[in-house]
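To start, the structure under review is shown below, and the notes come after it.
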Amino acid sequence: MFQVLNQVHFHETWIGCAQVLQEESERATQRGSSRCMQMVAMAAGILGNAVRLTAHTFRGSSLLLSANSRVIKVPKFSQCLTICSSSLAIEENAELTNTNRDELSSTFFTSSPSSDLHHIAVAKKRNLKDMTFPELQEWVESLGQKPSRAVMLWKWLYGNGKWAQSTSEIQGLNREFRAVLEKHADFGPVLVLQGIHHARDGTRKLVFLVEEFGAQIETVLIPGPRNRVTVCVSSQIGCAMNCQFCYTAKMGLKGNLSTAHIVEQLVVAARMCSQELGLGLVTNVVFMGMGEPFQNIDNVIRAAEIMTNGQGLHLSPRKVTISTSGLVPQIRTFCRTSNCALAVSLNATTDEVRDQIMPVNRKYKLMDLLDCVREELVTHRPGEKVFFEYVLLKNVNDSTDDAKRLVDLVCGIPCKINLITFNLHAGTSSAITAVQNLK
């Protein structure tokens, strides 16, 4: 059975994206690429919906999308294509007639599609955790429902310690609205919890499977003093920054996590804290797990907005900290569009050392990075402080001269410096700084 997805209408904002796809397709055709393709394309659906298109073993051809009456071929992407906040409507299960098949085959395919396309799976329901509160309100109203029902739904998703996972868990739900949600809404989960690792200090590492990528991510739940509970979330699957002391760098980058992927890490951890561990509410979130958050800045900022919404998870923006290895343009964007806290992974006091252990420094030098942070705090974040993270590596960045240079470098920048003991892992050439050197 060959199914064609027609009537796929992107919001005009994404015409440019459609043109890019067409250009990429033309280049792929010119290269004569004919290898088997396994791709996952994620596009935003009705009013921002996440619609998942999965094509397997589609030899010598490409997934066809029709955007604004232009047929576009999505070439053989090995990673996920994410299109956010667009408008997409899909007519499903439209069988391709022999006439249409012949026409399309001669026009767009280098081999017969009928034998090579095993299936196209379409998930048209809107993932609720992919929406900010204003987006949820707009979506609920677009379904002909009262705005107040968006507030109720949001509170059941994130507030009151409920974290509903289906309509059956929502009490007092109007019958009509329940039917609408069951038809159009996806409560998740978007992550599969595969394991929990316990440490003696009470820390728990949650291992999730991200099915779209066939890969795992990690989330860490850290109990602290004075009833503080911190959740460390991942923003990417792997990382492309290649910091030499980081274990995640060995994975390379496999893809960006969606807003829903990031938010669900916190929801699962919050549910575990409240319902299973008796730890109370999560008080802090740090984006210091797998990945460089600012390489996925749009989804990270959206996730942080959901986390800090006063009617839901209700975290203080100053208790949600987003860390970067030093992407200067994204730091400027973040400081001007988000009110959450900024952390910068510094880890060296000279360009020579930072070039070696953090390749990002070869593009954004130390002084450029610090000047950017200083300027943004003074101009856009008056009264706030940045967190500088400094992982101590034996005989690399832990000398007395390093300590003196660090003080001079951050002079004039409102900040806190967090000295971090290096965490040994298999295959590393770095070593832990002796305790006496920290005094």
Side-chain angles (χ1 to χ4, degrees), residues 197 199-201 203 205 217-218 220 222 224 230 232-236 238-253 286-295 321-328 330-331 341-374 385-411 413 415-439:
H197 302 281
R200 282 177 291 184
D201 63 356
T203 298
K205 181 170 70 176
I217 60 169
E218 296 177 352
V220 183
I222 310 166
T230 301
C232 178
V233 299
S234 295
S235 56
Q236 294 181 303
C239 186
M241 304 313 292
N242 198 29
C243 298
Q244 296 303 294
F245 51 86
C246 179
Y247 183 72
T248 304
K250 297 179 182 297
M251 291 179 59
L253 178 63
V286 292
F287 284 72
M288 299 179 185
M290 296 170 64
E292 163 55 65
F294 283 180
Q295 278 197 327
T321 304
I322 301 174
S323 176
T324 178
S325 60
L327 299 177
V328 168
Q330 288 89 334
I331 289 174
L342 173 67
V344 176
S345 188
L346 206 58
N347 305 318
T349 60
T350 66
D351 281 327
E352 180 182 8
V353 173
R354 203 164 190 267
D355 282 352
Q356 294 175 0
I357 64 175
M358 299 184 70
V360 66
N361 198 74
R362 298 167 194 170
K363 185 171 184 179
Y364 302 113
K365 293 299 183 180
L366 195 53
M367 290 311 301
D368 294 332
L369 170 61
L370 293 172
D371 287 345
C372 167
V373 172
R374 184 182 290 107
K385 295 181 179 180
V386 62
F387 295 92
F388 285 120
E389 302 158 299
Y390 198 98
V391 178
L392 292 162
L393 305 172
K394 185 177 181 180
N395 299 329
V396 175
N397 64 359
D398 63 345
S399 68
T400 302
D401 287 340
D402 281 308
K404 293 177 180 178
R405 280 193 296 266
L406 181 59
V407 172
D408 292 337
L409 284 172
V410 302
C411 182
I413 302 178
C415 66
K416 291 183 178 180
I417 298 174
N418 184 18
L419 298 179
I420 303 171
T421 302
F422 176 62
N423 185 23
L424 284 174
H425 55 80
T428 182
S429 59
S430 301
I432 299 175
T433 296
V435 176
Q436 57 266 28
N437 289 355
L438 300 179
K439 297 180 181 180

Give the intermediate values and the outcome of side chain to side chain donor-acceptor pair (under 3.5 Å) for residues S323 and E389. CA-CA 9 Å; S323 176; E389 302 158 299; 2.7 Å; yes

Which atom of D398 lies closest to which atom of N395, heavy atoms considered: OD1-N, 3.0 Å

Nearest 0.5 angstrom please: L406 CG to T350 OG1, how far? 11.5 Å

Look up atom SG in C415 and atom CG in L342, then write down how far apart they are to the nearest 0.5 Å. 11.5 Å

Just verifying a value: how many Å separate L392 CG and S399 OG, rounded to the nearest 0.5 Å? 10.5 Å

Is it true that a side-chain atom of T321 and a backbone atom of A341 form a donor plus acceptor pair closer than 3.5 Å? no

Chi angles and distances behind the side chain to side chain donor-acceptor pair (under 3.5 Å) call for E292, S235: CA-CA 7 Å; E292 163 55 65; S235 56; over 6 Å; no

Between A343 and M288 the two heavy atoms that sit nearest each other are CB-CE, 4.0 Å

Nearest 0.5 Å please: distance from the CG atom of L369 over to the CG atom of L346. 6.5 Å

When you measure from the side chain of N397 to the backbone of A348, do you find a donor-acceptor pair of N or O atoms at a distance under 3.5 Å? no

Any chance you could measure K416, atom NZ, to K385, atom NZ, to the nearest 0.5 Å? 5.5 Å

Lys/Arg-Asp/Glu bridge criterion (N-O < 4.0 Å) met for R405, D402: yes

Does any N or O in the side chain of Q244 come within less than 3.5 Å of the main-chain N or O of N242, such that one atom is a donor and the other an acceptor? yes

What is the minimum heavy-atom distance between Q295 and A240, and which atoms define it? OE1-CB, 3.9 Å

In terms of side-chain geometry, is the basic nitrogen of D351 or R354 positioned less than 4.0 Å from the acidic oxygen of its partner? no

Between S234 (side chain only) and Q236 (backbone N and O only), is there a donor and an acceptor less than 3.5 Å apart? no

Check ion pair D355-K365 (N to O, under 4.0 angstrom): yes

Taking all non-hydrogen atoms of both residues, which atom of L409 and which atom of R374 are closest, and how far apart? O-NH2, 3.6 Å

Please find the pair of heavy atoms, one from N347 and one from I357, that lie closest to each other, and give the distance. O-CD1, 3.3 Å

Spacing of I417 atom CD1 and L419 atom CG [to the nearest 0.5 Å]: 7.0 Å

Could you tell me which non-hydrogen atom of S325 sits nearest to which non-hydrogen atom of M241, and how far apart they are? OG-CE, 3.5 Å

Under the side chain to side chain donor-acceptor pair (under 3.5 Å) rule, what do T203 and D201 come out as? Steps first, then yes or no, please. CA-CA 6 Å; T203 298; D201 63 356; 3.0 Å; yes

